[in-house]
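To start, the structure under review is shown below, and the notes come after it.
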Amino acid sequence: MQHYRIDLVSDTTTRPTAAMRRAMAEAIVGDEQKHEDPTTNRLAAMVAELTGKEAAVFLPSGAMCNQIAIRVHCRPGDEIMVHRTAHIFNYEGAGHAALSGATAMPLEGPRGMFTADAVQAAVRPQSNHHSRSRLLCVEQTTNMGGGAVWPLDQVREVCAAARAHGMATHLDGARLLNAVVATGIPAHTWCEPFDSVWIDFSKGLGAPVGAVLAGDRAFIREAWRAKHQFGGAMRQSGIIAAAAIHALEHHIERLAEDHDNARRLGGLLEAIPGVRVESPIETNMVFFDVAEAGLTGAELIRRIAADGVRVSPGGRPTRLRAVTHLDVTGTMIDDAAAAIAKAVGAGKGSDL
Ligand SMILES: *Cc1c(COP(=O)(O)O)cnc(C)c1O
């Protein structure tokens, strides 16, 4: 496997710090699925408080948080509403259909966001002919939408539109804390319009594994049942919960550095002829397009890989994504931009 000296492929590439590993080594543990793991119980309580919800449950992944929430909210034949670029719609193997028998209604809109009018227009008429519009899903920050932050008013409006039609609301908050740091608006305020919410620890927060799903007590009771059905009930999970607690205590404010680094990278890339950077850069993601340089994204990825730099495909042939995180320094940002400038400067058809 190739080693990348600068890995901007995702904020999932972060490795646990020495201090995080110490916290993991010293964690007090028990049997999680008997609710006897004190460290996991503490983590769940911390996230319930952070998000302003009654209860929470620790799960192995963010995708499992989404899928368990869908399972609890929906019956077979129900429909979820979700942005066309969302993780739930594109990157979870159609789990909503496979695991819960739900269909999906994709909504359009710039930067991974849609309006209350779009929700309103997509609601199915109530009749035996139609699937039942049941669950609205919002992704904050939007991933393939550019790391954008939904405005709070828009979040409230789309949730109100869903509720007016008897739908439940779910927040995919894989990077919610990036939105919190970018705006100064606390997590519980962002979470208030939602029945279920979750945050990921294996993204920018820098833990090796885990996510926590929160909601009211009745929701979390049912989520626990689905957790057993889906095989997500664990044993001495305090080892990994300790990493998540460490992240909550030490890695939230520092997300601002990732945002600064992303803006800095965006500025450097913008100055390269043939590279178009999507703006504004609000959090830790930089999307850019190399069509005008006469390159495909795949070709750029190949060229910079030779230089030990990695970015990811951006959902279209000439669009790319670079993500900043805990293991990326300001110097690396300069070096990555230089590698991209060199690759683009080499032009099409050169044998670099
Ligand atoms: C990464 C991600 C997920 C899935 O989280 P995992 O912990 O990787 O399972 C879900 N939604 C969004 C927006 C993500 O970026």
Side-chain angles (χ1 to χ4, degrees), residues 7-16 43 47 56-71 80-96 98-99 104 106-107 111-114 135-150 155 170-180 182 187 190-191 194 196-214 223 226-227 230-232 234 237 240-241 243-244 247 251 255 258 262 282-287 311-315 321-326:
D7 200 344
L8 303 173
V9 81
S10 174
D11 45 10
T12 57
T13 64
T14 53
R15 294 192 171 74
L43 172 65
V47 175
V57 56
F58 187 40
L59 292 167
S61 73
M64 197 183 280
C65 291
N66 279 334
Q67 294 307 325
I68 285 179
I70 292 167
R71 167 61 77 89
I80 63 170
M81 266 185 217
V82 62
H83 196 275
R84 187 182 49 77
T85 63
H87 199 280
I88 288 174
F89 189 60
N90 296 288
Y91 304 114
E92 297 183 15
H96 57 278
L99 304 173
L107 303 184
R111 292 176 67 71
M113 296 178 250
F114 44 79
L135 178 68
L136 181 77
C137 302
V138 167
E139 192 174 286
Q140 177 79 304
T141 62
T142 70
N143 179 352
M144 296 313 276
V149 180
W150 282 72
V155 168
H170 171 71
L171 177 64
D172 174 339
R175 296 184 180 82
L176 176 65
L177 292 172
N178 291 86
V180 167
W190 287 115
C191 293
F194 294 97
S196 53
V197 303
W198 64 273
I199 59 173
D200 213 333
F201 288 96
S202 68
K203 303 274 167 85
L205 289 177
V209 59
V212 174
L213 175 66
K227 170 172 156 122
F230 290 179
M234 296 176 274
S237 57
I240 48 177
H251 290 176
L255 291 171
D258 299 344
E282 295 178 79
T283 57
N284 67 331
M285 297 192 178
V286 182
F287 281 82
V311 300
S312 70
R321 185 189 76 165
V323 187
T324 58
H325 52 76
L326 186 58

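By convention here, the first residue in the shown sequence is residue 1. Just so we're clear, the structure is a prediction, and the values are computed from it rather than from any experiment. Indexing begins at 1, ligand by ligand and atom by atom, following the structure's order.
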NE2/His96 to CD/Gln67 distance, rounded to the nearest 0.5 angstrom?
->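 One finds 8.0 Å between NE2 of His96 and CD of Gln67.
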Could you tell me whether some N/O pair between [X] and ligand 1 is separated by less than 3.5 angstrom?
X	result
Arg175	yes
Glu139	no
Met64	no

List the closest protein heavy-atom neighbour of atom 9 (O) of ligand 1: residue, atom name, distance to the nearest 0.1 Å.
->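 Scanning the protein heavy atoms, the shortest distance from atom 9 (O) of ligand 1 goes to Ala63 N, 2.8 Å.
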Nearest non-hydrogen protein atom, atom 11 (N) of ligand 1 |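 The closest one turns out to be Asp172 OD2, 2.6 Å.
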His170/Asn66 under side-chain hydrogen bond (donor to acceptor under 3.5 Å, both in side chains): CA gap, chis, key distance, verdict = CA-CA 8 Å; His170 171 71; Asn66 279 334; 2.8 Å; yes
Below 4.0 angstrom from a heavy atom of [X], which ligand 1 atoms are there? Numbered from 1 as shown, please.
X	result
Glu92	10 (C)
Asn143	15 (O)
Ser202	7 (O)
Asp200	5 (O), 6 (P), 7 (O)

Residue selection (non-hydrogen contact nearest atom 1 (C) of ligand 1) among Lys203, Met285, His87 |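 Among Lys203, Met285, His87, the closest heavy atom to atom 1 (C) of ligand 1 belongs to Lys203.
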Within the distance-only criterion (no hydrogens, no angle test), does the side chain of [X] pair as donor or acceptor with the backbone N or O of [Y] below 3.5 angstrom?
X	Y	answer
Thr283	Gly147	yes
Asn284	Thr324	yes
Gln140	Trp150	yes
Glu139	His87	yes
His251	Leu205	yes

Is Phe201 near ligand 1, meaning one of its heavy atoms is under 4.0 Å from it?
->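 No.
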Is it true that Trp198 and Phe58 have ring centroids separated by less than 6.0 Å?
->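 They do not qualify: ring centres at least 6.0 Å apart.
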Would you mind telling me if ligand 1 is within reach of the side chain of Ala211, the backbone, both or neither, using heavy atoms under 4.0 Å?
->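 For Ala211, no heavy atom sits under 4.0 Å from ligand 1.
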